[in-house]
Amino acid sequence: MTIDHSKDRTELDVAIVGAGVSGLYALHRLRALGYRVRVYEQGGDAGGTWYWNRYPGCRCDVESLEYSYSFDETLEQEWHWPERYGTQPEILRYVNHVVDRYNLRKDIVFNCPITAATFDEETDQWQLSTGGGERIASRFCIMATGNLSTPRVPDYEGLDSFQGKWYHTGQWPHDGVDFTGLRVGVIGTGSSGVQSIPIIAGQASRLHVFQRTPQFSLPARNGPMDSDKETAHKAAYRSHREAALDTPFGMSGHPPPTQSALDISDEERQAAYEAKWAEGGSISFLYAYTDLLINKAANDTAADFVRDKIRQTVNDPKVAEKLIPHDHPIGTKRLILDSGYFETYNQDHVTLVDVREAPIERFTPEGLRTADGNEYELDAVVFATGFDAMTGALRNIALDNGAGLTIQDKWSNGPRCFMGLAMAGFPNLFMITGPQSPSVKAQMILGGEQHSDWIAEFLEYMRLNDVTRFEVEQKAEDDWVLHNNDIADSTLYPLANSWYVGANVPGKPRVFMPYVGGFNRYKKACDELAEKGYPGLRLSRYDEMSDVAD
Ligand SMILES: Cc1cc2nc3c(=O)[nH]c(=O)nc-3n(C[C@H](O)[C@H](O)[C@H](O)COP(=O)(O)OP(=O)(O)OC[C@H]3O[C@@H](n4cnc5c(N)ncnc54)[C@H](O)[C@@H]3O)c2cc1C
């Protein structure tokens, strides 16, 4: 991109890309500190994930009282969540309330994709370009572009010829879709598929579910908010938030396990799993014992319990066996919460098609054909095929450092970041919940707040020290990437072909992307970095280029 030194452009201190929950909080926080901040969002309104994913059944799988902002106690007290787990419309309503309450909209530009970003070495500024041709110069840039914001539609031959309608769960039409009386195909059985399938089955005249990978899923046990629970939680909200910061996954209410799954009798363990199953929720289940995610034998006890539950739920034993995962330890892919998913396969008009046995060969005008020669006639197809997770949004931007390094080159063998917050070679650029931070392995509103707060304090430190540039030292990044990988390798996570390692995107380098050392441990590392004066980050001023901090 050619650098624009004219004055015919917007000048900012901080440009934020993305108006999901993270970008919104970053705007609120930094504007209060007096920075000139603006958010650029490609969508038509705020909300990110909750703006785009409007498919039937879309719901958060963290309890509402936890999955919410913590920065304003009055907001916490005043907002009432009607259900245990927030639905997409309810979370979007909450986000819009936040946008209006803190008057954020005036500093957000909607329908405005950032298409290119180049660092200008001469002025220590990012030069951003929008899809509409606007130029923005900003000292700092924060990529709040999301981990799950780049929907992936597999490149099926013949899709253009298909005469029915197709949809991606991550780009759902705003006026909804009525499947009543239609022959529908759902492709994909990750979280979005599992959430939507029971509801689509309730409308469709015929439903085919095309499954490549069976998934572990637990009952959410959703229901109306228990008013006693809400009152008690709100009375102790501060201590809940404090407790959440001190857990591996950023949620309160789950006492740390003390025992190995292998140190107790089968009966005791079975009873504990039954209680967790009845309670609902994934953290409660995976946090039952100390070693479910680090010891395969321990993990097998939990996996076998869920396998048996699937067998007990699904009437046809052959269908049940196809639905049972055997290729990954439980919890090493995103552990799904469902409402009546496995029961759906007991309905006569619902058919499971195993596309690992016979892959989808091509779409036809009438539907699709699988490799065993079967033809499926369909009026509508739902791609529940997930996202180019964690790196897709950034790689879609023509992002370079002004000295010949592009993000595509930098990440050609998988993402490399310093604490998921910044990257060597890309001065003055931040990421919120970037790769190699806890990101998708912790409650993400909490993660977004923690990153934004850390960035705010760092910007204040730079302002105080009169510097205009920070750069990540290569060694600091290398050490962090190594640490991230060592931790991942000490767990069972890398055993799964999950989107955590990019396995759902053909050709994507296989690198374990989230930090799984625990949110609490990660936050401590961030806090220590600040306390020690940001070692590993080189600070300078553009007119002097002399280091002011070691
Ligand atoms: C179906 C679903 C269920 C989920 N459930 C949970 C859950 O239960 N618990 C949990 O903690 N997390 C959950 N998540 C993760 C969820 O993404 C986060 O909780 C949170 O919403 C992330 O907020 P964000 O602002 O970081 O990113 P996002 O919400 O993804 O927002 C990023 C925004 O950036 C915009 N953007 C991207 N690139 C550009 C560009 N070049 N120019 C302009 N704008 C751009 C996007 O349009 C998007 O609006 C879920 C995600 C999905 C998809």
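One-based numbering, in listed order, for ligands and for the atoms of each.
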Is the closest side-chain donor-acceptor distance between Glu83 and Ser64 under 3.5 Å? no
Could you walk me through whether Glu78 and Arg101 satisfy the salt bridge (Lys or Arg N to Asp or Glu O under 4.0 Å) test, starting with their C-alpha distance in whole Å, then the side-chain angles of each, then the deciding distance to 0.1 Å, before giving a yes or no? CA-CA 12 Å; Glu78 286 178 4; Arg101 186 174 181 128; 3.0 Å; yes
Less than 4.0 Å is my threshold; does some heavy atom of Met431 fall inside it relative to ligand 1? no
Among the heavy atoms of Pro113, does any lie under 4.0 Å from an atom of ligand 1? yes
Below the 3.5 angstrom mark, is there an N/O of Asn147, backbone or side chain, next to an N/O of ligand 1? no
Please tell me whether Thr118 and Asp400 have a donor and an acceptor in their side chains that are separated by less than 3.5 angstrom. yes
With heavy atoms and a 4.0 Å threshold, my read on which part of Arg334 contacts ligand 1 is side chain
Looking at ligand 1, is there an atom of it that comes within less than 4.0 Å of some heavy atom belonging to Ile432? no
Could you list which atoms of ligand 1 come closer than 4.0 Å to a heavy atom of Glu41? 33 (C), 34 (O), 35 (C), 43 (C), 44 (N), 46 (C), 47 (O), 48 (C), 49 (O)
Under 4.0 Å between heavy atoms, the region of Ser191 that gets near ligand 1 turns out to be neither
Does the side chain of Ser129 come under 3.5 Å of the side chain of Glu134 through a donor N or O and an acceptor N or O? no
Would Val17 count as being in polar contact with ligand 1, using the rule that some N or O on each side must be under 3.5 angstrom apart? no
Would you say ligand 1 has an N or O under 3.5 Å from any N or O of Asp61? yes
Hey, which of Tyr94, Tyr69, Tyr237 is the one that makes ring-ring contact (aromatic ring centres under 6.0 Å, His included) with Trp79? Tyr94
Taking atom CZ of Arg212 as the centre, report whether more than 12 heavy atoms of other residues, nucleotides or ligands fall under 6.0 Å from it. no
In terms of the angle between their ring planes, are Tyr522 and Phe519 parallel, tilted or perpendicular, with boundaries placed at 30° and 60°? tilted
Report yes if Gln443 has an N/O atom closer than 3.5 Å to an N/O atom of ligand 1; otherwise report no. no
Out of Phe249, Tyr67, Phe110, Trp52, who is nearest to atom 19 (O) of ligand 1 when you count heavy atoms only? Tyr67
Distance-only N or O hit between ligand 1 and Val21, under 3.5 Å: yes
Report yes or no: does a heavy atom of Phe387 sit under 4.0 Å from some atom of ligand 1? yes
Polar proximity ligand 1 side, Ile114 side, N/O cut 3.5 Å exclusive: yes
With atoms numbered from 1 as shown, which atoms in ligand 1 lie under 4.0 angstrom from a non-hydrogen atom of Gly146? 27 (O), 28 (P), 30 (O), 32 (C)
Does ligand 1 have a heavy atom under 4.0 Å from the side chain of Val62, from its backbone, from both, or from neither? both
Looking only at non-hydrogen atoms, the one of Met143, Gln42, Arg59 nearest atom 39 (C) of ligand 1 is Gln42
A student checking ligand 1 against Leu148 at a 4.0 Å heavy-atom cut-off should list atoms 51 (C)
Should Cys112 be listed as contacting ligand 1, given a heavy-atom distance under 4.0 Å as the test? yes
Asp388 vs Arg152, test: salt bridge (Lys or Arg N to Asp or Glu O under 4.0 Å). Steps then yes/no. CA-CA 6 Å; Asp388 183 352; Arg152 213 185 70 78; over 6 Å; no
Would you mind listing which atoms of ligand 1 come within a distance below 4.0 Å of any non-hydrogen atom of Gly18? 33 (C), 34 (O), 35 (C)
Tyr40: numbered ligand 1 atoms lying under 4.0 Å from its heavy atoms: 43 (C), 44 (N)
What do you reckon, does Ser192 have a nitrogen or oxygen under 3.5 Å from a nitrogen or oxygen of ligand 1? no
Quick one: does ligand 1 sit under 4.0 Å from the side chain of Tyr51, the backbone, both or neither, non-hydrogen atoms only? neither
With a 4.5 Å heavy-atom cut-off, do Leu399 and Leu394 have their side chains touching? yes
Under 3.5 Å between any N/O of Tyr55 and any N/O of ligand 1: does that happen in this structure? no
Taking Glu449 for the side chain and Phe71 for the main chain, is one N or O donor matched with an acceptor at less than 3.5 Å? yes
Is there any N or O on Thr49 that sits under 3.5 Å from an N or O of ligand 1? yes
Paired with Ser252, the side-chain hydrogen bond (donor to acceptor under 3.5 Å, both in side chains) test is passed by just one of Arg241, His240, Glu63, His233, namely His240
Between Phe285 and Tyr273, is the gap from one ring center to the other below 6.0 Å? yes
Could you tell me which atoms of ligand 1, counted from 1 in the order shown, lie closer than 4.0 angstrom to a heavy atom of Ile397? 41 (N)
Among all protein non-hydrogen atoms, which one is nearest to atom 24 (P) of ligand 1, and what is the separation to 0.1 Å? Ser22 OG, 3.4 Å
Tell me, with the steps shown, if Ser412 and Asp409 meet side-chain hydrogen bond (donor to acceptor under 3.5 Å, both in side chains). CA-CA 5 Å; Ser412 59; Asp409 291 338; 5.9 Å; no
Which residue from Thr145, Val95, Ile91, Asn396 reaches closest to atom 37 (C) of ligand 1 through any of its heavy atoms? Thr145
So, for Tyr67 and Tyr85, is the gap between ring centers shorter than 6.0 Å? no
Report yes if Asn53 has an N/O atom closer than 3.5 Å to an N/O atom of ligand 1; otherwise report no. no
Applying side-chain hydrogen bond (donor to acceptor under 3.5 Å, both in side chains), run through Ser70 and Glu76 and close with a yes or a no. CA-CA 7 Å; Ser70 70; Glu76 263 173 1; 5.2 Å; no
Whether Arg416 engages the ring of Phe418 as a cation-pi pair (distance to the six-membered ring centre under 6.0 angstrom, angle to the ring normal within 45°) should be assessed. no
